[in-house]
Amino acid sequence: MPRINSPAKLEELRKSILSKRDPNKPCITLCSGTACHASGSKEVAASIEEEIKKQGLSAKVDFRKTGCHGFCEKGPIIVIHPEKICYLQIEPKDVPEIISQTIKGKKVIERLLYTDPSTNEKMVHEFEIPFYKNQERLVFGSNGEIDPASIDDYLALGGYSALAKALSQMTPEQVLEEVKKSNLRGRGGGGFPTGRKWEECRNAPGEIRYVIVNADEGDPGAYMDRSLLEGNPHSVLEGLTIGAYAIGSHEGYIYVRQEYPLAVENVGIAIKQAQEYGFLGENIFGSGFDFTVKVHRGAGAFVSGESSALMTAIEGRVGEPRPKYIHTAIKGVRDRPSCLNNVETWATVPLIINKGADWFAKLGTEGSKGTKIFSLVGKVNNTGLVEVPMGITLRDIIYKLGGGIPGDKKFKAVQTGGPSGGCIPEEQLDMKVDFDELAKAGSMMGSGGMIVMDEDTCMVDVARYFLDFLSDESCGKCVPCREGIRQMLKILTNISKGKGKEGDIELLEELSEVTRDASLCALGRTAANPVLSTIRYFRDEYEAHIKEKRCPAYVCKALISYYIDPEKCQACMICLRQCPTGAIAGGKSQIHVIDQEKCTKCGTCFEVCPPRFGAVKKISGEPVPSPIPEEARVIARKSKENE
Amino acid sequence: MSEITLQIDGREVKAEEGMTILEAAQSAGISIPTLCHHEKLEPYGACRICTVEIEARGRTNLVAACLYPVEQNLVVRTRSEKVDKTRKVLLELMLAHAPDAAELQDLAQEYGADKARFEKESSFCILCGLCVRYCAEVKKKNAIGFVDRGTRREVIFIPEIASKECWDCKECFPLCPTEALQATFLLTKALMSPASPSAPESEE
Amino acid sequence: MKERKEVKTAATSNGKIDQIIDKYQGDASALIQALLEIQSEHHWLPKEALDKVSKKLEVPLNQIQHVATFYKAFSLVPRGRHQIQVCMGTACHIRGAPRVLDRVQDLTGIRPGETDLDLKFSLETVNCLGCCAMGPVMVVDGKYHGKTVPAKVGDVLKNYD
């Protein structure tokens, strides 16, 4: 690859790449992110390659494996260019038809299209599907067009032009001013003004300073950074290099959690390719600016994603947080000024440089500019990654984009901010999503995880779940976090087991206060948020568990029992056969009875009882009725079996 | 180093840039309780008993005095309702591990901490880290260290190093705020396992 | 504390491990990266390897021990032939992952972080695989099983020996 040592040469290269690409040539793009891999996109890819060859179309049809498209519920996803026909949930067996009918025959295959669940209308193009239509995919949108292993794809879309502009037309101070003007706030969770952090780092005393990409993404349920890094690594590299220029750093780190092997691989490829073209290394674009990047892998610790802990891990030591009375922007890695930002934050920078701070500041709310990528998951129909302007309501995200709650269940809460966040109830669904509004409601933006919960979710169990997570992930160094979480978890576990006592809620609140006020780092300081927000909005559930030994959502195993209603049971044997512990007694004409001693509350019987019978009930807070006597269990069949 | 004037408990205190609130307070004869602090060791900030209330830039906050650097015009309160409540609960959390530890008794009395508030935990150790840090920073032997994380975090001796170094040293034992005996117990137990890595190891 | 039973393995591929360690000689800050490579190559961290790393990278053994026990990626005991991962991310949790995990524990006899005595299965929980649409998710030897329910676990696991 030729070294591109001036912006002019970059434009030449771009023109050359584009000239070799015919925008009207059919191109099949297949989502190859980790989630689609899990749904079988590798097999679909193999099928496509085979079929293209088989039908003699190798010269006539392009095939591109791209990064995550975001609509993970419907993966694997194919988009056929130039028409942008979108096919969902593709299996290898669909491929020959796609090639023959759509590629060759230019005909749309109806059954592979998106169907609107309420109108039954079929939608041909990606941009018509409500899930995509209501998004503003500024940062994430390119994922569908790029093969992450091909820097030329990124260049074809205008990649690295922001870096060229910054290095050749702007001074570092001007780049810094632009980012400050945009009011971009960190997308990793804290929401700290990015421009201010850059400035602090730039002005800190010292010769050497570092820029760092935080790709540790530990919040369970959040995978935006992974998809961005896997699918469009160059956007992150370009943003990082621009930031390094503004700050005066010549060495960068990308800290990727080791649970993301594809991201590690794709970033490695991207770095190599960028180096070959000269977008990384010495004298970038002939500007005299040098910058190199190293990848550092995490080793499986949520707390190491905290900025000071991450820097300690880069030094090779145990990734425990340090006190941040002196900001890491002033004293970070090896006590040198270090500017750490999230993947999404860095990826937003090229857009701001290219289109300007004013353009960016037009989107979003007063306090939160631009867009944010959320992972919309849980009890929601359209699970996936969505990028929306700040200020959109929770209701719109969950219902317009998310398609509402599956199975006609009732919405209960949406959890944001991971283990540092809180649960937001129905009354607040019209909240405009931004950093400050979420904080006011007792939660936080966090990295963007948005877990939708329905009537079958127990909020006490949710609080216990997060504390359990934190008791494992806390570094354990300081007393308030380690011991505070230990005791809070004990209390919550007791409550979920029916051993709650009067005064438990007050004790939880007291411990929360100490943990919040005295902990060394943000993990400890925010550890109580899930507890406090669930107490705030769902106190009645806590009280039911404590006072009535009842779990209103029928989740806490120690407080529920499964019971087969003898009036409704038709002795179909389905639950009996599927019970993993053989706890159900009965026969073909014998009403089934669950042996409560053997029952492990796995819920299988409840799931498999045919809906037209609906004989399995969940009971909580009251004793299980005694089994009816054996003689009464015989069903008199009229003529043949009621199967 | 430039001079800094700050206020601690209503008194004007002169300190040098780079000092911590704890150092400044000690120099002015104002006492702040500590457990994991030691003059020969780098400040650690694990026990949080030195938590004090500060006012800076118009905001009130709770910080660890042993680590927070002094600032011009900083206002510090070493006792307040919030500070006292925090210290009380921290003590109660630690007393769950070591209810009879001598060093905790006086503090417990002063702050009204109830040693029976939380159920007794199985380990005496409050993970102040004095033993680990002393062996690393002063003796430079690293015969003892932390393992694991979260609520499972513990302190253990490295058998092959401890068997060589510890019998003649034991300087960390009196540092332990909870049970010096515990330290001996751990050491002995560790020494019962053969030091050589190629010999079969008995189950702990 | 994690159990530290040291199982004698027939041949610890010391050659490869030595190569990895030599690469990072004298670079204490590379400790975590070096251990990750050894773990990846050898599937666990034998004591001899930790001793070598301590000498070559010039890091005290107690620090290495803390790193090796602090991070989930490392195992101080040999792992089983088959790795089971059950996702316990929030989305999977509310879709019923704990019951799936219970069932796996019942059938394998081990808890997360453990390996069975036959060295057949190692079990671990992971905090989010990013396949929330398919939750609850269970991965065995890299193969993803989506929409897992307790009743199906036995069928999945019996395919592995």
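First the proteins, then the strands, lettered A, B, ... as listed; each starts at 1. As the structure is a prediction and not an experimental result, all values here were calculated from the model.
Looking only at heavy-atom pairs under 4.5 Å with chain C, the residue among A/K379, A/E315, A/R297 that has the most is A/R297. Comparing A/Q415, A/E607, A/Q578, A/K601 by how many heavy-atom pairs each has under 4.5 Å with chain C, the most go to A/K601. Annotation: maximal heavy-atom pairing with chain A below 4.5 Å, among C/L31, C/D106, C/L36, occurs at C/L36. In terms of heavy-atom pairs under 4.5 Å with chain C, the best-connected choice from A/I314, A/D461, A/D456, A/V462 is A/D461. Taking chain A as the reference chain and counting heavy-atom pairs below 4.5 Å, the highest number among C/Q39, C/R103, C/Q63 is found for C/R103. The residue among A/S304, A/A299, A/G298, A/C458 with the most heavy atom pairs within less than 4.5 Å of chain C is A/A299.
Rounding to the nearest 0.5 angstrom, the gap separating the CG atom in A/D472 from the NZ atom in C/K72 is 5.0 Å. Annotation: the span from A/E73 atom CD to C/M134 atom CE amounts to 10.5 Å, rounded to 0.5 Å. Separation of atoms SG (C/C132) and CG (A/L376) is listed at 10.0 Å; rounding is to 0.5 Å. Once rounded to the nearest 0.5 Å, the distance linking CZ of A/F469 with OG1 of C/T125 reads 10.0 Å. One finds the CD atom of A/Q258 at 8.0 Å from the CZ atom of C/F74 (value rounded to the nearest 0.5 Å). Residue C/I94 holds its CD1 atom at 9.5 Å from OH of A/Y465, rounded to the nearest 0.5 Å.
Residues passing the side-chain hydrogen bond (donor to acceptor under 3.5 Å, both in side chains) test with C/D27, sequence neighbours excluded: C/S29.
Summarising the local packing, NZ of A/K42 is surrounded by 12 or fewer heavy atoms from other residues, nucleotides or ligands at distances under 6.0 Å. Residue C/K147 qualifies as enclosed at atom NZ: its count of foreign heavy atoms under 6.0 Å is above 12. Environment of CG in C/N159: crowded, with over 12 heavy atoms of neighbouring residues, nucleotides or ligands closer than 6.0 Å.
Closest approach of C/A91 to A/G378, counting heavy atoms only: CB-N, 3.8 Å. The two atoms that bring C/R95 and A/V380 nearest to each other are NH2-O, 4.3 Å, heavy atoms only. Between A/P220 and C/G89 the shortest heavy-atom distance is CB-CA, 3.7 Å. A pairwise comparison of heavy atoms in A/I560 and C/R99 identifies CD1-NH2, 3.9 Å as the closest pair. Minimum heavy-atom separation, A/V318 to C/Y71: C-OH, 3.9 Å. Nearest heavy atom pair, residue C/I32 against residue A/G316, reads CG1-O, 4.1 Å.
Interface residue A/R226: only side-chain heavy atoms are found under 4.5 Å from chain C. The contact between A/A313 and chain C is made by backbone and side chain atoms together, counting heavy-atom distances below 4.5 Å. Both the backbone and the side chain of C/V67 have a heavy atom closer than 4.5 Å to some heavy atom of chain A. Proximity to chain C (any heavy atom under 4.5 Å) is shown, for A/C68, by neither the backbone nor the side chain. When heavy atoms are compared at a cutoff of 4.5 Å, C/K152 does not approach chain A at all. The contact between A/R334 and chain C is made entirely by side chain atoms (from C-beta outward), counting heavy-atom distances below 4.5 Å. Contact annotation for C/A151: both backbone and side-chain heavy atoms come within less than 4.5 Å of a heavy atom of chain A. Within the 4.5 angstrom heavy-atom criterion, atoms from both the backbone and the side chain of A/H296 approach chain C. Contacts of A/L385 with chain C are absent, with no heavy-atom separation under 4.5 Å from either backbone or side chain.
Using a 4.0 Å cut-off between a side-chain N of Lys or Arg and a carboxylate O of Asp or Glu, C/D102 and A/K557 qualify as a salt bridge.
In this structure, C/Q85 and A/E259 have side chains that are not in contact, with every pair of non-hydrogen atoms separated by 4.5 Å or more. Residues A/V303 and C/F70 are in side-chain contact: their nearest non-hydrogen atoms beyond the backbone lie under 4.5 Å apart.
For the 3.5 Å distance criterion, the side chains of A/E473 and C/N127 qualify, holding a donor opposite an acceptor. Judged by distance alone, the side chains of A/S39 and C/Y144 never bring a donor and an acceptor atom under 3.5 Å apart.
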